[in-house]
**Q** 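Quick one: structure below, then a few questions.
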Amino acid sequence: MDFRDIVAETPADPNKTGSCGSQLQQAIVSSKLPPTDAKRSTRTFQQIVRSGRRYTNPLISVGHWRRRALLVGAALLAGLIAILFAIGAEHAIEFHTRIISTSPWLSLLVAPAGFAAMAWVAGRFFPATQGSGIPQTIAASLSPDAEVRGRLLSLKIAAAKVILTLGGLLSGASIGREGPSVQIGASVMHALAGRRFGRIASSRNLIVAGSGAGIAAAFNTPLGGIMFAIEEMCRHHAFRANSATLTAVIFAGLMSLGILGNYTYFGRTPAALGWPGGIWPVLMCGAAGGILGGMFSRLLVASARGLPGRVGDFAAERPIAFAAGCGLATAIVGLVTGGATYATGYAESKAALEGSAPLPFYFFAAKMLVLWLAFVSRIPGGIFAPALAVGAGLGSALAGLSPGDAAPALVILGMVAFLAGMTLAPITSFVIVMEMTANHEMLIPLMAASVIAYGFSRSVSPRALYDTLAIPALERAQAQVVHGSAGGEKRSEP
């Protein structure tokens with residue numbers, strides 16, 4: 001007998017079965033009766049409709065496309081500012097070259113005055129612009145406080161960073177624009193944080209995306225930008241492949257391609273190493289670059305905490321006069337080296353890569369000295385590009401100890417080894433150098449030298465440079481927020 005036959009034979013008269021029997025019959029019918037084919041089809045159709053709405057609603061949502069458009073627009077703006085910054089840096093370096101070509105002794109006036117002016121403006125009005133900009137960006141990504149992030153990243157800080165860094169290059173300071181480009185890109189993307197624009201992404205993701213976009217647009221190195229975002233910006237938390245980072249890097253790179261074309265930062269370098277003869281240059285450059293980079297990283301960290309003795313007291317009590325003294329020392333080193341140590345060192349490194357003008361054996365030491373002077377003076381400017389010049393000088397010096405004519409190859413290996421040793425970011429180092437030189441034949445040697453340098457550097461300086469410098473930057477920003485709150489100062493949510 002079927003279930004439906006049982007139900008049919010059950011009396012439905014409440015006078016015979018009572019109210020409980022009627023309720024039991026209705027419950028059995030409603031709960032035990034299997035669905036018909038029509039009901040199954042209806043339910044399946046309703047599930048398909050609900051699933052379809054889940055995926056089609058964002059596509060037809062005005063708010064969704066508005067948020068996407070804002071993200072793309074911010075990435076394009078970050079790329080545009082980085083490109084204009086690069087063009088301005090070239091003109092500033094060229095103008096300084098014209099000044100010292102008129103009379104090299106003018107640098108004794110230009111450098112101290114420029115260092116003092118940049119240090120005064122930065123310290124008085126824009127303290128977040130001092131130094132590289134990468135530690136400030138990392139510190140902002142670590143802070144959950146919107147007001148603290150606003151002290152480190154903003155459009156006003158980005159504009160000041162551009163102007164002050166160009167002023168430093170105009171003075172002949174050995175600084176670069178990669179760190180400022182990271183802070184600029186992060187500031188532009190961070191402007192979208194909060195609820196004003198409909199929660200485009202989390203503040204941390206926007207900061208990471210902006211930092212990658214800054215690197216990608218500054219040097220036309222999109223892979224390097226992504227690796228920098230993963231390896232340098234996400235040391236303290238896991239990186240998630242989010243659309244914000246990819247979108248920012250892609251559109252910042254497209255802006256660079258649209259304005260500057262598909263250029264290579266150092267040009268195309270045909271240097272190559274044979275096998276197995278290339279093992280010794282890789283080992284030599286990796287070990288030397290790792291040890292020297294680790295020692296220099298420790299020097300920078302110790303200098304950031306304060307110089308010892310009377311020099312440290314003078315730097316703390318009279319920072320502007322100390323910055324002028326650093327400028328004077330930079331000018332003296334430039335005079336002694338024939339002007340080879342001014343600015344980023346791009347021209348000297350490119351000539352060494354091409355083999356047209358080998359670097360003197362003392363170049364890497366002199367370049368390290370002027371880079372340290374710019375760092376301790378606390379003027380705005382990065383240390384990434386000058387570090388590549390130091391590595392190029394190191395590789396050129398080691399080329400004299402190597403048999404054969406492999407100088408361009410050792411210059412590339414020295415660049416990646418010193419950079420990896422200084423930053424403890426081996427993957428970012430070899431990817432960026434490979435993209436800058438457009439030399440895929442050197443990929444394996446670059447990877448090997450970078451890993452070797454990383455291992456040697458960890459034995460000298462176990463903590464990453466930018467991460468270590470981010471701690472005091474975060475503490476200063478938090479102290480400013482506390483001081484501003486105590487004084488009745490209020491800031492709106494960024």
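Computed from a predicted model, the values in this text were never measured in an experiment. Positions are given from 1, in the same order as the sequence printed here.
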**Q** Is Arg378 positioned over the aromatic face of Phe115, cation under 6.0 angstrom from the ring centre and no more than 45 degrees off axis?
**A**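 Negative - Arg378 is either too far from the ring of Phe115 or too far off its axis.
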**Q** Indicate yes or no for a side-chain donor-acceptor contact from Ser457 to the backbone of Gly421 under 3.5 Å, with no hydrogens or angles considered.
**A**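 Present.
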**Q** Table please: side-chain donor-acceptor pairs of residues 281-301 below 3.5 Å, with sequence neighbours left out.
**A**
{"residue": "Arg298", "atom": "NH1", "partner": "Val460", "partner atom": "O", "Å": "3.1"}

**Q** Output the distance between atom CD (Glu94) and atom CG (Leu169), rounded to the nearest 0.5 Å.
**A**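 Interatomic distance, Glu94 CD to Leu169 CG, rounded to 0.5 Å: 13.0 Å.
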**Q** Got a donor-acceptor contact below 3.5 angstrom from the Gln183 side chain to the Thr137 backbone?
**A**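 Checking the backbone N and O of Thr137 against the side chain of Gln183, no donor-acceptor pair under 3.5 Å is found.
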**Q** Taking C-beta and beyond as the side chain, do Cys234 and Val208 meet within less than 4.5 Å on heavy atoms?
**A**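 Side-chain contact under 4.5 Å: yes.
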**Q** Taking C-beta and beyond as the side chain, do Ile332 and Leu108 meet within less than 4.5 Å on heavy atoms?
**A**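 The answer is yes; the side chains approach within 4.5 Å.
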**Q** If I compare all heavy atoms of Gly381 with all of Ile175, which pair ends up nearest, and what's the gap?
**A**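 Answer, listing the atom of Gly381 first, then Ile175: CA-CB, 3.8 Å.
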**Q** Could you tell me if Arg149 and Ser203 have a donor-acceptor pair between their side chains, going purely by distance under 3.5 Å?
**A**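 Yes, Arg149 and Ser203 have a side-chain donor paired with an acceptor closer than 3.5 Å.
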**Q** Are the side chain of Gln130 and the backbone N or O of Ile379 linked by a donor-acceptor pair below 3.5 Å?
**A**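 The answer is no, because no donor-acceptor pair under 3.5 Å joins these two groups.
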**Q** Looking at Val162, is its backbone amide N or carbonyl O close enough to the side chain of Thr165 to form a donor-acceptor pair, meaning the two atoms are under 3.5 Å apart?
**A**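 Judged by distance alone, no pair lies under 3.5 Å.
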**Q** State whether the side chain of Glu231 and the backbone N or O of Phe228 hold a donor-acceptor pair below 3.5 Å, judged by distance alone.
**A**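 Side chain of Glu231 to backbone of Phe228, a donor-acceptor pair under 3.5 Å: no, none is there.
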**Q** Distance-only, no hydrogens or angles: does the Thr102 side chain make a donor-acceptor pair with backbone N or O of Arg98 under 3.5 Å?
**A**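 Answer holds: yes.
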**Q** For Ala217 versus Gly79, what's the shortest heavy-atom pair and its separation?
**A**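 Distance-wise, the nearest heavy atoms are CB-CA, 3.8 Å.
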**Q** A side-chain contact here means heavy atoms from C-beta on lying under 4.5 Å apart; do Ile138 and Ile207 qualify?
**A**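 Heavy-atom side-chain distance check fails, nothing below 4.5 Å.
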**Q** With side chains defined as the heavy atoms from C-beta onward, is the minimum distance between Val376 and Cys326 less than 4.5 Å?
**A**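 Contact flag for Val376/Cys326 side chains = yes.
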**Q** Quick one: salt bridge (charged side-chain N to carboxylate O under 4.0 Å, His left out) pairs with a partner in residues 321-350, sequence neighbours left out?
**A**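 For residues 321-350, and leaving out neighbouring residues, the salt bridge (charged side-chain N to carboxylate O under 4.0 Å, His left out) pairs sorted by first residue read Lys350-Glu354.
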**Q** Answer whether the closest heavy-atom distance between the side chains of Asn220 and Glu435 falls below 4.5 Å.
**A**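 The answer is no, as the side chains (C-beta and beyond) never meet within the 4.5 Å cut-off.
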**Q** So for atom CZ, which belongs to Phe95, do other residues, nucleotides or ligands contribute more than 12 heavy atoms lying within a distance under 6.0 Å?
**A**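 Result for CZ/Phe95: open.
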**Q** According to ring-ring contact (aromatic ring centres under 6.0 Å, His included), does anything in residues 324-361 pair up with another residue at least two apart or in another chain? List the pairs.
**A**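 As it turns out, the ring-ring contact (aromatic ring centres under 6.0 Å, His included) pairs with a partner in residues 324-361, which skip direct neighbours, are His96-Tyr342, Tyr265-Tyr346, Phe266-Tyr346.
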**Q** Are Val433 and Ile412 side-chain neighbours, meaning at least one heavy-atom pair lies under 4.5 Å?
**A**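 In short, these two side chains touch, coming nearer than 4.5 Å.
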**Q** Going by heavy atoms in the side chains, are Leu71 and Leu206 under 4.5 Å from each other?
**A**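 Yes, close enough: below the 4.5 Å cut-off.
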**Q** Looking at Thr341 and Ala366, what are the two nearest heavy atoms and their distance?
**A**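 What the structure gives for the nearest pair is CG2-CB, 3.8 Å.
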**Q** Mark yes or no for whether Ser211, through its side chain, and Val182, through its backbone, hold a donor-acceptor pair below 3.5 Å.
**A**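 The answer is no, because no donor-acceptor pair under 3.5 Å joins these two groups.
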**Q** Looking at Thr428 and Gly224, what are the two nearest heavy atoms and their distance?
**A**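 Answer, listing the atom of Thr428 first, then Gly224: CG2-O, 4.3 Å.
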**Q** Specify the closest pair of heavy atoms between Ala209 and Met189, including all atoms of both residues, with the distance to one decimal.
**A**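 Heavy atoms of Ala209 and Met189 come nearest at CB-CE, 4.3 Å.
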**Q** If you define the side chain from C-beta out and look only at heavy atoms, does anything of Ile157 sit under 4.5 Å from Ser154?
**A**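 Yes - at least one pair of side-chain heavy atoms lies under 4.5 Å apart.
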**Q** Would you say Ser101's side chain and Thr97's backbone share a donor-acceptor pair under 3.5 angstrom?
**A**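 Side chain of Ser101 to backbone of Thr97, a donor-acceptor pair under 3.5 Å: yes, one is there.
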**Q** Mark yes or no for whether Ser181, through its side chain, and Arg177, through its backbone, hold a donor-acceptor pair below 3.5 Å.
**A**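 The answer is yes, because a donor-acceptor pair under 3.5 Å joins these two groups.
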**Q** For Ser377 and Ala374, indicate whether the former's side chain and the latter's backbone hold a donor-acceptor pair under 3.5 Å.
**A**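 Checking the backbone N and O of Ala374 against the side chain of Ser377, a donor-acceptor pair under 3.5 Å is found.
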**Q** What's the separation between atom CE in Met255 and atom CG in Leu76, rounded to the nearest 0.5 Å?
**A**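 Answer rounded to 0.5 Å: 4.5 Å.
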